[in-house]
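What follows is a set of notes on a single structure, which appears directly below.
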Amino acid sequence: MSRSVPIPPSPGIAAPSAITDVTYRNYDGALKTHTFRWWPIAVATIRASVNRKKLGFWIPVGLSFLIYFFLGIMFYFNQNLRQQMSDTGNFMAAGPANPYALSLYQGMISTHLLVVIAAITVGASVIAADNRANALLVYLSKPLTRVDYLVGKWMGVFLLLAALTLTPALLLFLFFAVAYNSDGFLKENPTLILRVIAASLLPAAVHTSLILGFSAWSKTPRLAGALYAALYFITGILAGMVGSVLLQKDTENNNSKMTAIISRLSIDGVTDGIGMSIYDVTPDQIVSRMQGGGRRRRRNPEAEKPSSFTVQERPNLPIMLLIAGVLIAVPLTAAYRKVRAVEVIRG
């Protein structure tokens, strides 16, 4: 049996080597985490929502700035009138403990419906459109996890809603700081800027989480927006009706704390209750401001009686924070369970 003898390479020719093309092999080098993998998704969400066709977002933004502008104008004229009346010796009713915080709180509660409209406009389609187009197969086939995807979608909607709630409030605060700095505004309110940020970002966080949950479980943006709007209005109407009935029956204010909580078991009610504690205002101050507390005081016993439809006590802050946490955590958990690369069919 013949043996094969290796043929020596010719001079000037390289000897044959092992396979040099190893592109077929999987990467086995060092793995590095990408902390901000969600940011491109957030940017894409913002770009898709901020365009000229999204009038449901731009109109609420413009109206929000307009509301805060009129609040600033009203505050300016009321303060000037109060000063003039004081200079002439005429007696005026005492204003709220902190008129600056009360004006900012009024701005927050006056823009509730605008935030809902903007949330439906920019948030109803963020996941529902991907479900309809089967885009999750593309998103999750990349080095992205479900958490990256959801955080990116959430941040995109949250930043848009925060621009609506926080920016005009900061402008009103800046007006107070510039116009009334000589009156000791900054010295008397050193933490008001932090309270403005907290009270303004809370509604944006709650509405973002809710609309994201409905969008994840909907095949069309229209369905997600309809379900979200139904929850918003139904809970608001029911909480108001039940709270009014309980308040009328509780003539001796034995269950005033429970009534204050039940009457705010809605999306707006939760943010309002927390906002009261953040800005340190009371329902009595709000009613007095709405009834024209800055006018000349007149002795009218009927006018001084508390309204039967007004909750005279501020709701408990820890309970309101717990409810707000549920409103944020439950829809995000539901969205996490729904977002998958493939549709799982059971049964």
Side-chain angles (χ1 to χ4, degrees), residues 38 41-51 53-61 111-140 144 146-165 202-239 266-271 323-346:
W38 52 266
I41 300 177
V43 173
T45 303
I46 294 174
R47 288 178 177 175
S49 301
V50 180
N51 56 64
K53 296 181 180 180
K54 295 286 186 178
L55 296 180
F57 173 73
W58 290 113
I59 292 178
V61 168
T111 57
H112 280 326
L113 185 58
L114 300 178
V115 179
V116 173
I117 296 173
I120 294 175
T121 302
V122 303
S125 62
V126 287
I127 301 180
D130 292 342
N131 290 336
R132 188 175 184 180
N134 291 326
L136 292 177
L137 296 173
V138 178
Y139 274 114
L140 299 181
L144 294 173
R146 284 189 291 176
V147 174
D148 296 329
Y149 175 82
L150 288 175
V151 170
K153 294 291 186 178
W154 191 91
M155 284 299 300
V157 178
F158 172 76
L159 291 177
L160 292 172
L161 297 184
L164 187 154
T165 58
L202 175 65
V206 171
H207 287 284
T208 299
S209 302
L210 287 171
I211 193 61
L212 210 68
F214 282 109
S215 182
W217 283 84
S218 303
K219 285 291 185 181
T220 61
R222 184 173 299 178
L223 178 61
L227 293 175
Y228 174 66
L231 175 68
Y232 174 81
F233 288 109
I234 290 175
T235 56
I237 294 173
L238 290 179
S266 62
I267 300 174
D268 286 347
V270 172
T271 56
I323 298 174
V326 172
L327 291 177
I328 293 175
V330 170
L332 290 181
T333 303
Y336 179 81
R337 293 179 61 87
K338 183 63 176 178
V339 171
R340 298 176 182 272
V342 295
E343 184 176 358
V344 179
I345 301 176
R346 294 182 174 86

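Numbering of residues begins at 1 and proceeds along the displayed sequence.
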Rounded distance (nearest 0.5 Å) linking atom CD1 of I211 with atom OG1 of T121: 9.5 Å

Close side-chain approach of I41 to L144, heavy-atom, < 4.5 Å: yes

Nearest-0.5 Å distance, CG of residue L136 to CG of residue N131: 5.5 Å

Expected output: side-chain T235 to main-chain L231 donor-acceptor under 3.5 Å: yes

Nearest atoms (heavy-atom pairs only) where A124 meets A224: O-CB, 3.7 Å

Worked verdict on L150 versus W38 for side chain to side chain contact (heavy atoms under 4.5 Å, CB included): CA-CA 8 Å; L150 288 175; W38 52 266; over 6 Å; no

Shortest non-hydrogen contact between P203 and T271, atoms and distance: CA-CG2, 4.1 Å

Heavy-atom pair with the smallest gap, counting every atom of A128 and P221: CB-N, 3.8 Å

Contact check, side chains of L223 and F214, non-hydrogen atoms, under 4.5 Å: no

Side-chain donor/acceptor of S215 to backbone N/O of I127, under 3.5 Å: yes

Check: V61 and L160 side chains under 4.5 Å, non-hydrogen atoms: no

Side-chain (W154) to main-chain (L212) donor-acceptor, under 3.5 angstrom: no

Separation between NZ of K153 and CG of D148, rounded to the nearest 0.5 Å: 13.0 Å

Expected output: side-chain S266 to main-chain G269 donor-acceptor under 3.5 Å: yes

Pairwise side-chain contact, L113 with F233, heavy-atom cut-off 4.5 Å (strictly under): yes

Shortest non-hydrogen contact between L327 and S209, atoms and distance: O-CB, 4.1 Å

Heavy-atom donor-acceptor pair, D268 side chain to G236 backbone, under 3.5 Å: no

From OG1 (T208) to CG (L161), nearest 0.5 Å: 4.0 Å

Exercise: identify the closest heavy-atom pair between W217 and A334: NE1-O, 2.8 Å

From Y149 atom OH to R340 atom CZ, the distance as rounded to the nearest 0.5 Å: 14.0 Å

Heavy-atom side-chain proximity of S218 to L227 below 4.5 angstrom: yes

Side-chain touch I46/V43, heavy atoms, less than 4.5 angstrom: no

Any donor-acceptor N/O pair, K338 side chain to A216 backbone, under 3.5 Å: no

Side chain proximity check, V270 to V206, heavy atoms < 4.5 angstrom: no

Derivation and outcome, side chain to side chain contact (heavy atoms under 4.5 Å, CB included), residues H207 and F158: CA-CA 8 Å; H207 287 284; F158 172 76; over 6 Å; no

Spatial distance of atom CG (L164) from atom CD1 (I117) [nearest 0.5 Å]: 10.0 Å

Side chain to side chain, Y232 and H112, heavy atoms closer than 4.5 Å: yes

Side-chain (R146) to main-chain (Y336) donor-acceptor, under 3.5 angstrom: yes

